[in-house]
Amino acid sequence: MRIIKLTVLALCLGVSVVWADDRPIYKDKNAPIEDRVEDLLRRMTLREKVGQLQQRCTWDINNIGGTYNGESFGTAHEMNISAQQAADLYQKIHEYMANETRLGIPILTSAEGIHGILQNGCTIFPQAIAQGSTWNPDLICQMTEAEAAEARVMGIRQVLSPVLDIARELRWGRVEETFGEDPYLISEMGIGFVRGFQKNGVGCMPKHFVAHGTPTGGLNSAFVAGGERELRNLYMYPFVRVIKEADPVAVMSCYSAYDGIPVTGSSYFMTDILRGELGFKGFAYSDWGSVDRLKTFHMAAPSTEAAAKMALTAGIDIDVWDAAYETLQGQVEKGQLDVMYIDRAVRRILTAKFKLGLFDDPYGDPKSVSKVVRNKQHVELAKKVADESAVLLENKNNILPLDLSKYKSIAVVGPNGDHGVAGDYAWVNPEDRECVSLYEGIKNVFGKKVTVNHVDGCDWWSQNEEGITDAVKMVEKSDLAIVAVGTRSYWLGRNAKDHKVTSGEGFDLSSLELPGKQLELMKAVKATGKPMIVVLITGKPLVLSWAKENADAILVQFYAGEQQGNSMAEILLGKVNPSGRLNISFPRSTGNTPCYYNYYPTDREQWFDQGGSPDDPKGHYIFEKPHALYNFGYGLSYTDFKYNTCTLSDSIFSDKGKLMVNVEVENTGKREGQEVVQLYVRDMVSSISTPIQQLKAFKKINLKPGEKTMVSLELPISELAFYNAYMRKVVEPGEFEIQVGSSSDRIHFKNTIVVK
């Protein structure tokens, strides 16, 4: 206690403090982190401090000294080399920082990690949209534990993930990076994601703060419209939960403006809300180039210097990709910027480095890369996530799972039939075959029991339909057709634009119809009269109205990682029972968007006509219904589940209470399977408009045939709070309807509670 008091006194007097053995406090791993930070900060020059606010990249292991010039920086990032090369590179960088810089400040080595570490050769897990459709946060926590193990042996200590954006604008190319459309589900998945990484010493960086996922027109980085209430009731919710329950070490800002305010340059968003309201203690990292974009994109700053000052004072601690923060030293020396803002940012960055243990052991284990990275267990886990992510939408006459005794030959057609699609922020190049395609998977799983042939029939983007004739001929000679359609997405950093991608960052769609001639291909296959199974391999919902009426079965496989083909083949054959549920609603048409499930009563439920058709025009809309084609939470199984009973722990609560809902679920079918029990709430009368239903609890369970179990769902009454007309967060007294079901539109029980 005496040592701590003397330390604090000395720091207040501006004296450098040392322990009895003459070691600086910041080098003593037993000293409190706050003391270590303050001791180190006082030893740093202005140039060294500014260096901590920037990122440096190096791709040349032989030129580390030339890159860093004896100086330490905030973070380092590499995106183009193998896992082994990255491990060797980062080992050299960590050694250089420890031995060749004045103070030995380590660099926070970073990587993309949304569905696998972005170094060549790492395990490719399913994309975030597929992670969300598992409805299994514990499984995603296991996934990120595996990712963390791969990161640690490479010496990587931070990932720029997860994405907490709410996917309400389906034209947006980055829908695939999200967990879906619902703030509660996003929160649960995000918490599991962060915990898996951070309990293994790899920091997470939720993004994009805040409200980035609904850009105007679906165009990436465009203005997001909304008000204060929508900001807090909707967009902030996942960040509130993840920050409070998982304590991420960093948060990334966004490119966009909310309600006209560029978020990266806003003290209101980045300090008052993020730190004041949400209590965030970590550091804020700019999205790449977003600081200088305050000048070049938003026209909110007249110069790079002004943009740098604007972002720093707003609360952006690390500037990435542009050179804006290189101007900060000069601004301080000229009296244009108070050094307190630099010190504030440096404290946050150093605190994160100490928390992650970088000062005491920053090193990876290059010799273990071959044993850890993409090992058998991680590949098996990637397949398990893929297995649980696939969503069965249609299964007419129980055509699935396939009975191979009925089919001697199968035609696999469509542009995604023999092409594995990992999605954006995966390390593969388009020409690589690191992801098992559907055609390959079917051959692997079906073996010699049936003849399997493949032809694309058309590509995934153009108006060229010359190949459809060849596809039809193959189908006519076969007993069954599996049509693999959808989108394609590759990592933006590897020239995705040259490969005609139709999904991913910066690749937004004006129409949600199947791109190119894929619908025409399906129609031609249908005309053969052969049974047709549609597999939609995609990074976002697309219009399936024709397929719903004409396909014998429809399966959705959001980009499912390197084992996607093997996973889908086992699902088709019945070795795996599909258990994915939609984490995002599917529209009837592009004009049917937005079509999220948690709409206000005024947005759908009116006394006027509930939609018409071309044959029977009505109103709301004249020629089609205003509701989604497939709703949030929906998904079929190869078995049947019965909801027997539902009991509530009580019917009257205070705003500090907790509701327990017990639901007995029984597998009444003939196969083992997983069900997702979902709890929704509707505020029956409220002083502001509230959604018709909101997801507030769920649980995924596994049952054998004939087995039944009691599922307990917990709902804190505080979850019923919203920001009222006076922008006060309240739980209003009154009646709330508790809805329990297997999807947002398949509610099996309704009960009412009263909050006093």
Side-chain angles (χ1 to χ4, degrees), residues 129-130 132-133 167-172 175-176 178 180-182 185 218 389-396 400 483 485-487 502-503 509-515 518-520 522-523 526 532-558 578 580-599 603-605 609-637 676 678 680 691-693 695 741-747:
I129 192 70
S133 66
R168 285 190 158 193
E169 173 49 85
L170 301 183
R171 294 172 292 178
W172 187 45
V175 166
E176 65 182 68
T178 75
E181 72 179 43
D182 179 76
L185 178 61
S389 70
V391 185
L392 178 62
L393 296 182
E394 298 287 341
N395 193 18
K396 298 169 186 175
L400 295 177
V483 187
V485 294
T487 58
T502 48
S503 180
L509 292 171
S510 60
S511 170
L512 296 174
E513 303 289 334
L514 281 164
Q518 296 182 82
L519 179 57
E520 285 75 7
M522 285 198 300
K523 289 180 177 180
K526 175 68 176 179
M532 180 176 70
I533 296 169
V534 172
V535 179
L536 179 70
I537 300 172
T538 183
K540 64 168 66 182
L542 295 174
V543 174
L544 295 177
S545 299
W546 185 90
K548 177 181 174 65
E549 299 300 323
N550 292 279
D552 294 284
I554 302 175
L555 278 154
V556 173
Q557 187 177 54
F558 293 120
R581 301 294 182 263
L582 290 182
N583 47 331
I584 189 164
S585 302
F586 273 60
R588 296 176 183 274
S589 67
T590 303
N592 185 216
T593 58
C595 66
Y596 44 82
Y597 84 98
N598 48 348
Y599 53 80
D603 298 346
R604 298 287 190 277
E605 301 182 347
D609 292 333
Q610 292 292 295
S613 69
D615 297 326
D616 185 19
K618 291 183 178 178
H620 274 118
Y621 295 106
I622 295 171
F623 298 121
E624 72 176 13
K625 297 183 183 301
H627 302 280
L629 186 69
Y630 295 107
N631 282 277
F632 177 82
Y634 179 78
L636 302 177
S637 171
V676 180
Q678 304 165 38
Y680 299 86
I692 64 158
Q693 56 185 168
L695 181 72
S742 48
S743 72
S744 61
D745 63 338
R746 293 186 297 175
I747 301 300

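Because the structure is a prediction, the values reported are computed rather than measured. Computed from heavy atoms alone, side chains included, the values below leave out hydrogens, waters and symmetry copies.
Here the options are Leu170, Val556, Thr593, the test is side chain to side chain contact (heavy atoms under 4.5 Å, CB included), and the partner is Pro541; only Leu170 passes. Of the candidates Met522, Gln518, Lys548, Met522 is the only one forming a side chain to side chain contact (heavy atoms under 4.5 Å, CB included) with Val534. Here the rule is side chain to side chain contact (heavy atoms under 4.5 Å, CB included) with Asn598, and of Leu695, Asp182, Ile692 only Asp182 fits it.
Under the 4.5 Å side-chain criterion, counting only non-hydrogen atoms from C-beta, Thr178 is in contact with Trp172. Between Trp546 and Leu514 there is no side-chain heavy-atom pair separated by less than 4.5 Å. Side chains of Tyr630 and Val391 form no contact here, defined as non-hydrogen atoms less than 4.5 Å apart. A 4.5 Å side-chain heavy-atom check between Val483 and Ile533 finds every atom pair outside the cut-off. The shortest distance between side-chain heavy atoms of Gln610 and His627 falls below 4.5 Å. The closest side-chain heavy-atom distance from Val543 to Asn592 is not below 4.5 Å. Taking 4.5 Å as the limit, some side-chain heavy atom of Lys540 sits within range of a side-chain heavy atom of Leu512.
Closest approach of Ala390 to Pro578, counting heavy atoms only: O-CB, 4.1 Å. The two atoms that bring Ile129 and Gly539 nearest to each other are CG2-O, 4.1 Å, heavy atoms only. Nearest heavy atom pair, residue Ser389 against residue Ala130, reads CB-O, 3.2 Å. Between Tyr634 and Leu392 the shortest heavy-atom distance is CE2-O, 4.4 Å.
With sequence neighbours excluded, the residues satisfying side chain to side chain donor-acceptor pair (under 3.5 Å) with Asp745 are Asn631, Ser743. A search for ring pair (Phe, Tyr, Trp, His ring centres under 6.0 Å) contacts involving Tyr597 returns Phe632, Tyr680, not counting sequence neighbours. Evaluation of the ring pair (Phe, Tyr, Trp, His ring centres under 6.0 Å) rule for Tyr621 yields no partner, not counting sequence neighbours. Residues passing the side-chain contact (heavy atoms from CB on, under 4.5 Å) test with Asp616 are Ser613, Lys618, sequence neighbours excluded. The side chain to side chain donor-acceptor pair (under 3.5 Å) search around Thr538 returns Thr487, not counting sequence neighbours. With sequence neighbours excluded, the residues that form a side chain to side chain donor-acceptor pair (under 3.5 Å) with Ser503 are Glu176.
Here the NZ-SG distance, from Lys625 to Cys595, works out to 15.5 Å after rounding to the nearest 0.5 Å. One distance of note links CG of Leu544 with CD of Glu549; it measures 11.5 Å at 0.5 Å rounding. To the nearest 0.5 angstrom, Leu536 atom CG is 7.5 Å from Phe558 atom CZ. Taken to the nearest 0.5 Å, the CG atom of Leu542 stands 8.0 Å off from the OG1 atom of Thr502. The line from OG of Ser744 to CZ of Arg581 is 12.5 Å long, rounded to the nearest 0.5 Å. For the atom pair Ser589 OG and Phe623 CZ, the distance stands at 12.5 Å (nearest 0.5 Å).
One N or O on the side chain of Arg604 and one on the backbone of Pro626 form a donor-acceptor pair closer than 3.5 Å. Checked by atom type and distance alone, the side chain of Asp552 pairs as donor or acceptor with a backbone atom of Met532 at under 3.5 Å. Judged purely by atom type and a 3.5 angstrom limit, Glu181 uses its side chain to pair as donor or acceptor with the backbone of Ser585.
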